Number of protein chains: 2
Amino acid sequence: MKDAAPLFAALGDATRLGLLVALCSSGPLTVTRLSSKFAVSRQALTKHLDVLSDAGLVRSSRQGRERIWELEPRRLGDAHVYLERLSRQWDEALDRLKTYLES
Amino acid sequence: MKDAAPLFAALGDATRLGLLVALCSSGPLTVTRLSSKFAVSRQALTKHLDVLSDAGLVRSSRQGRERIWELEPRRLGDAHVYLERLSRQWDEALDRLKTYLES
DNA sequence: TTCATGGGCAACCTCCAGGTTACATGTTGG
DNA sequence: CCAACATGTAACCTGGAGGTTGCCCATGAA
């Protein structure tokens with residue numbers, strides 16, 4: 001469960017969420033292409049993409065002199081599992097609270 | 001959607017996740033009680049609880065000389081909505097990718 | 001070959017998260 | 001009233017996140 005923290009941390013930045021959304025809507029893109037949609041520099045975006053990559057949310061591959069960034073499908077399932085587990089735990093806590101209040 | 005970033009950021013710390021889990025399993029607790037389960041100081045935990053509180057994930061109330069911390073149920077739903085929305089967006093991206101690969 | 005372009009690399013800056021220690025405040029029980 | 005205990009407050013430290021600029025390297029096109 002502790003593995004979830006870096007994943008959430010990667011999601012906990014507006015710019016990185018924006019990158020994910022951009023890759024969702026526009027498909028695989030180049031850093032330079034992406035940087036035209038954001039206010040920060042290309043290098044800053046590269047750092048953010050590295051963070052997302054370390055979290056396994058994104059993947060990159062070289063094609064000629066370009067580097068293509070895309071969403072990492074397999075990791076998305078893992079993230080979903082974490083999210084489901086956490087919310088289920090919360091639901092159980094709510095159930096316990098409800099039971100407690102009704103007793 | 002940009003509102004989701006602070007929420008994920010609040011979740012993006014192992015200690016804070018631990019606090020949430022502890023409050024899930026043990027119910028409402030005092031900072032001092034909680035601090036017996038963690039390696040860090042009481043003041044550090046207070047800061048983490050403040051972060052969780054700012055994110056709306058946790059709520060506190062004074063009872064005499066003690067302050068009781070508990071999960072905030074209403075905000076949990078909001079978090080779930082964000083998570084669902086994000087994963088749905090991802091699923092749609094996967095569908096588009098799948099469609100693209102099959103075409 | 002040459003040059004324009006995409007990207008990596010490195011140095012640097014600033015700010016704040018996360019942690020500590022020390023001390024002040026408030027409340028409860030005897 | 002006073003001692004003990006839970007908490008609030010403040011000052012401080014350190015590392016790293018997030019950003020910038022400048023420069024170098026590789027590659028593709030003319």
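Scope of the values below: all heavy atoms of this structure, side chains included, with no hydrogens, waters or symmetry mates. Chain identifiers are assigned alphabetically (A, B, ...) following the order of the sequence lines, protein sequences preceding nucleic acid strands; residue numbering begins at 1 within each chain. A quick note: this is a predicted structure, and the numbers were derived from the prediction, not measured.
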List for me each residue that meets side-chain contact (heavy atoms from CB on, under 4.5 Å) alongside T15(A), sequence neighbours excluded, and say none if there are none. D13(A), F38(A), L45(A), H48(A)

Secondary-structure notation, DNA chain C, from Watson-Crick and G-U pairs under 3.5 angstrom (| other strand): ||||||||||||||||||||||||||||||

Return the OG to CD distance between S25(B) and E92(A), rounded to the nearest 0.5 Å. 11.0 Å

Hey, could you give me each pair passing salt bridge (charged side-chain N to carboxylate O under 4.0 Å, His left out) that has a residue in residues 55-64 of chain B? Not counting sequence neighbours. R59(B)-E70(B), R59(B)-E72(B)

So, is R67(A) close to the dG8(C) phosphate, meaning a side-chain N or O under 4.0 Å from OP1 or OP2? yes

Taking only residues two or more places apart in sequence or in another chain, which ones pass side chain to side chain donor-acceptor pair (under 3.5 Å) with S26(A)? K37(A)

Who pairs with S60(A) by side chain to side chain donor-acceptor pair (under 3.5 Å), at least two apart in sequence or on another chain? R67(A)

Rounding to a whole Å, what distance do you find between F38(B):CZ and dG18(C):C1'? 15 Å

Could you state the atom-to-atom distance from CZ of R33(A) to P of dG6(C) in whole Å? 9 Å

Sequence-aligned protein contact record of nucleotides 14-30 of chain D, with B where the base is within under 4.0 Å of a protein heavy atom and S where only the sugar-phosphate is: ----SBBBB----BS--

With sequence neighbours left out, what residues match A55(B) under side-chain contact (heavy atoms from CB on, under 4.5 Å)? L7(B), A10(B), L57(B)

Could I get the full list of side-chain contact (heavy atoms from CB on, under 4.5 Å) partners for D54(A), not counting sequence neighbours? none

Can you tell me the distance, in whole Å, between the CG atom of L49(A) and the P atom of dG8(C)? 10 Å

Which residues share a side-chain contact (heavy atoms from CB on, under 4.5 Å) with E66(A), sequence neighbours left out: T30(A), I68(A)

